[in-house]
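Here is the structure we will look at.
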Amino acid sequence: MSEPTHEQIVSGLQDRPAIALSPGPRLDAERPSSLPLQPSEVWDLPGGTAWVYYGEGNTGLVRPVIFADGFSTGPSELEFSWQIMEFGDYALISELRRRGHDVVLLGFDERSASILDNSRTAQAAIGRAIAERLGSTPLAVGGFSMGGLVTRHALAKMESQGIDHDTALYFSYDSPHRGAWIPIALQAFAHYIKDLDSRFSDQINSPAARQLLWRHIEKWDSAPDQSDERGAFLAEMQAVGEWPRRPRLIGVANGRGDGEGTDVRAGELALEGKGLSVVGTKLYTQAPGPDELVAKLRVVTLKTNEDRTKGLPSIDGAPGGSLEGFGILADGLNALNAILGFKTDVRIRSHCFVPSVSAVDVADPDTDESLYQDISSLPEGTGGLDEFKFASRNEGHTLVTEELCTWLLDRLP
């Protein structure tokens with residue numbers, strides 16, 4: 001069997017769905033047997049769409065709860081939102097409606113666009129909800145992951161402009177208030193294959209990713225650092241007061257609060273290339289230290305390059321909401337035609353994506369001491385949130401569970 005040509009490899013990669021690091025059902029996931037209900041209303045908004053479901057017994061918008069979508073690539077999809085919120089471990093949409101709440105699923109035309117761009121969409125949705133609401137029950141506004149940051153900025157921005165958002169409760173669901181984490185090894189691999197297929201690299205370098213990630217690299221051999229875009233985003237948050245002042249601020253984390261991490265150990269081999277085109281590629285979990293190997297990179301060419309870091313914490317095994325980043329990459333490569341030579345062995349599928357300290361805004365994820373501290377008994381008001389809830393285990397990022405959702409539901413206006 002002859003080796004594949006460069007053109008065949010490029011075509012083979014680009015003909016497949018893009019590798020995208022985001023939570024939710026995988027490319028090969030079985031589609032649910034149930035389909036989303038037809039919404040009561042659909043709002044066309046600048047930069048997005050809102051799908052509205054009236055609460056049981058309601059004939060209009062009476063007790064609106066706005067849920068903003070999180071980070072990924074491309075436009076928000078109604079079916080995806082239902083898979084996350086209704087067809088998983090806990091039927092959140094049904095329970096909200098049973099309790100008389102109107103569910104507003106806020107989606108964006110581009111989920112990897114700037115948080116500030118999508119904030120304008122959220123502000124429009126809030127204004128529309130106020131205009132269409134029957135009665136005077138105040139709004140509850142928040143979101144999953146990045147959606148919690150989008151709505152946090154939207155509410156604070158409206159207050160800074162003197163606009164009444166009539167919101168009594170803000171909530172975030174595993175949102176990275178102090179930054180999210182994608183292993184440098186994965187970021188490096190994304191950029192390393194850019195000449196073959198740029199889509200993975202484009203996601204890592206998208207405006208939202210640059211704003212969300214605690215540490216980012218623009219090229220495979222760049223030094224990890226806070227991106228300029230994140231610095232500008234943090235400055236904008238400071239300019240609008242960091243947090244909205246009128247609503248009560250609450251949040252949940254998909255990670256533990258007692259400092260207990262996962263079984264992922266620092267410096268371990270997570271993914272290894274086995275096929276002819278990637279043999280020699282090895283991606284490792286992040287280890288602390290002054291000169292740590294995180295990736296050996298070899299794709300198609302004979303040369304193998306190394307990527308090293310210094311001064312980063314053992315964050316991959318930290319308590320928090322996890323993402324199957326290594327697993328998503330391996331699944332995407334193993335789905336390619338075998339003749340292309342991208343067969344990959346994955347030993348560690350998941351890594352911490354939103355550390356617990358970030359999800360509840362109590363500390364930066366910059367040291368092991370910070371990441372693995374016991375924050376389960378901190379008093380209310382520590383950090384930006386008035387009240388927060390940890391999961392009893394470290395689980396998937398934005399996993400909708402009865403444990404977290406009932407706590408949230410009991411606090412809605």
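- In this structure, the side chain of Thr151 does not engage the main chain of Val141 through any donor-acceptor pair within 3.5 Å.
- For the residue pair Ser392 / Glu403, a side-chain donor-acceptor distance below 3.5 Å is found, with atom types taken as modelled.
- Between Asp166 and Arg246 there is a salt bridge, since a side-chain N of the basic residue sits under 4.0 Å from a carboxylate O of the acidic one.
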Exercise for review: Go through the steps for His351 and Thr285 under the test side chain to side chain donor-acceptor pair (under 3.5 Å), then give the verdict.
Suggested key: CA-CA 8 Å; His351 57 84; Thr285 58; over 6 Å; no
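- For Gln123 and Ser119, the side-chain atoms include at least one donor-acceptor pair closer than 3.5 Å.
- Ser314 meets the side chain to side chain donor-acceptor pair (under 3.5 Å) test with Asp368; sequence neighbours excluded.
- Side-chain contact annotation: His397 with Asn254, donor-acceptor N/O pair under 3.5 Å absent.
- Every side-chain contact (heavy atoms from CB on, under 4.5 Å) that Glu236 has, sequence neighbours left out, goes to Leu116, His153, Lys157, Ala239, Val240.
- Applying the ring pair (Phe, Tyr, Trp, His ring centres under 6.0 Å) criterion to Trp51, with sequence neighbours excluded, gives no partner residue.
- Between the side chains of Trp181 and Asp316, at least one donor N or O lies within less than 3.5 Å of an accepting N or O.
- Scored by the side-chain contact (heavy atoms from CB on, under 4.5 Å) test, Ser350 finds Ser322, Glu324 as partners (sequence neighbours excluded).
- Looking only at distances, a side-chain donor or acceptor of Glu86 sits under 3.5 Å from a matching main-chain atom of Ser94.
- Of the possible donor and acceptor atoms, none in the side chain of Asn118 sits under 3.5 Å from a partner among the backbone N and O of Gly147.
- For the residue pair Ser201 / His191, a side-chain donor-acceptor distance below 3.5 Å is found, with atom types taken as modelled.
- Screening residues 91-116 for ring pair (Phe, Tyr, Trp, His ring centres under 6.0 Å), with sequence neighbours left out, gives no hits.
- Using a 3.5 Å distance cut-off with no hydrogens or angles, the side chains of Tyr53 and Glu41 do not pair a donor with an acceptor.
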Point to revise | Stepwise side chain to side chain contact (heavy atoms under 4.5 Å, CB included) test for Ile126 and Ile66 | key: CA-CA 8 Å; Ile126 292 166; Ile66 297 176; 4.0 Å; yes
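- Applying the ring pair (Phe, Tyr, Trp, His ring centres under 6.0 Å) test to Tyr173 and every residue at least two apart in sequence or in another chain returns Phe144.
- For Gln161, the CD atom is densely surrounded, since the number of other residues' heavy atoms within 6.0 Å is greater than 12.
- Between Val354 and Ser175 the shortest side-chain heavy-atom distance does not fall below 4.5 Å.
- Legend: residues meeting side chain to side chain donor-acceptor pair (under 3.5 Å) with Tyr192, ordered by chain and number and at least two apart, are Asn305.
- Evaluation of the side-chain contact (heavy atoms from CB on, under 4.5 Å) rule for Asp228 yields no partner, not counting sequence neighbours.
- Contact record, Leu340 with Gly12: CD1-CA, 3.7 Å, taken as the closest heavy-atom pair.
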Practice item. Determine, stepwise, if the pair Leu329 / Thr344 fulfils side chain to side chain contact (heavy atoms under 4.5 Å, CB included). Key: CA-CA 9 Å; Leu329 174 57; Thr344 302; over 6 Å; no
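- Counting only heavy atoms from C-beta outward, the side chains of Pro313 and Glu369 never approach each other to under 4.5 Å.
- Residues Gln14 and Asp197 have side chains that never bring a donor and an acceptor to within less than 3.5 angstrom of each other.
- Using a distance-only test at 3.5 Å, with no hydrogens or angles considered, no donor-acceptor pair links the side chain of Thr304 to the main chain of Gly280.
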Please output the side-chain donor-acceptor pairs of residues 286-299 that fall under 3.5 Å, not counting sequence neighbours, one pair per line with the distance.
{"residue": "Gln286", "atom": "NE2", "partner": "Thr309", "partner atom": "OG1", "Å": "2.8"}
{"residue": "Arg298", "atom": "NE", "partner": "Thr301", "partner atom": "O", "Å": "2.8"}
{"residue": "Arg298", "atom": "NH1", "partner": "Leu276", "partner atom": "O", "Å": "3.1"}
{"residue": "Arg298", "atom": "NH1", "partner": "Ser277", "partner atom": "O", "Å": "3.3"}
{"residue": "Arg298", "atom": "NH1", "partner": "Val279", "partner atom": "O", "Å": "2.9"}
{"residue": "Arg298", "atom": "NH2", "partner": "Leu276", "partner atom": "O", "Å": "3.2"}
{"residue": "Arg298", "atom": "NH2", "partner": "Val300", "partner atom": "O", "Å": "3.4"}
{"residue": "Arg298", "atom": "NH2", "partner": "Thr301", "partner atom": "O", "Å": "3.4"}

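- For residues 247-256, the pairs satisfying salt bridge (Lys or Arg N to Asp or Glu O under 4.0 Å) are Arg248-Glu380, Arg248-Glu387, Arg256-Asp258, with sequence neighbours left out.
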Exercise for review: Check the pair Arg99, Asp410 against salt bridge (charged side-chain N to carboxylate O under 4.0 Å, His left out), reporting the backbone distance first and the verdict last.
Suggested key: CA-CA 10 Å; Arg99 295 188 183 206; Asp410 289 344; 3.0 Å; yes
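- With respect to the salt-bridge test (charged N to carboxylate O, under 4.0 angstrom), the residues Arg308 and Glu306 qualify.
- A donor-acceptor pair under 3.5 Å is absent between the side-chain atoms of Glu56 and the main chain of Arg97, judged by distance alone.
- Residues satisfying the side-chain contact (heavy atoms from CB on, under 4.5 Å) test with Arg210, not counting sequence neighbours, are Asn205, His216, Glu218, Ser227, Glu229.
- When the ring pair (Phe, Tyr, Trp, His ring centres under 6.0 Å) test is applied to Tyr90, no partner is found at least two apart in sequence or on another chain.
- Both tests hold for Arg152 against Trp243: distance to the six-membered ring centre under 6.0 Å, angle to the ring axis within 45°.
- Judged by distance alone, the side chain of Ser370 and the main-chain N or O of Asp364 form a donor-acceptor pair under 3.5 Å.
- The shortest distance between side-chain heavy atoms of Val42 and Val52 does not fall below 4.5 Å.
- Under a 3.5 Å cut-off, the side chain of Asn334 and the backbone N or O of Ala330 do form a donor-acceptor pair.
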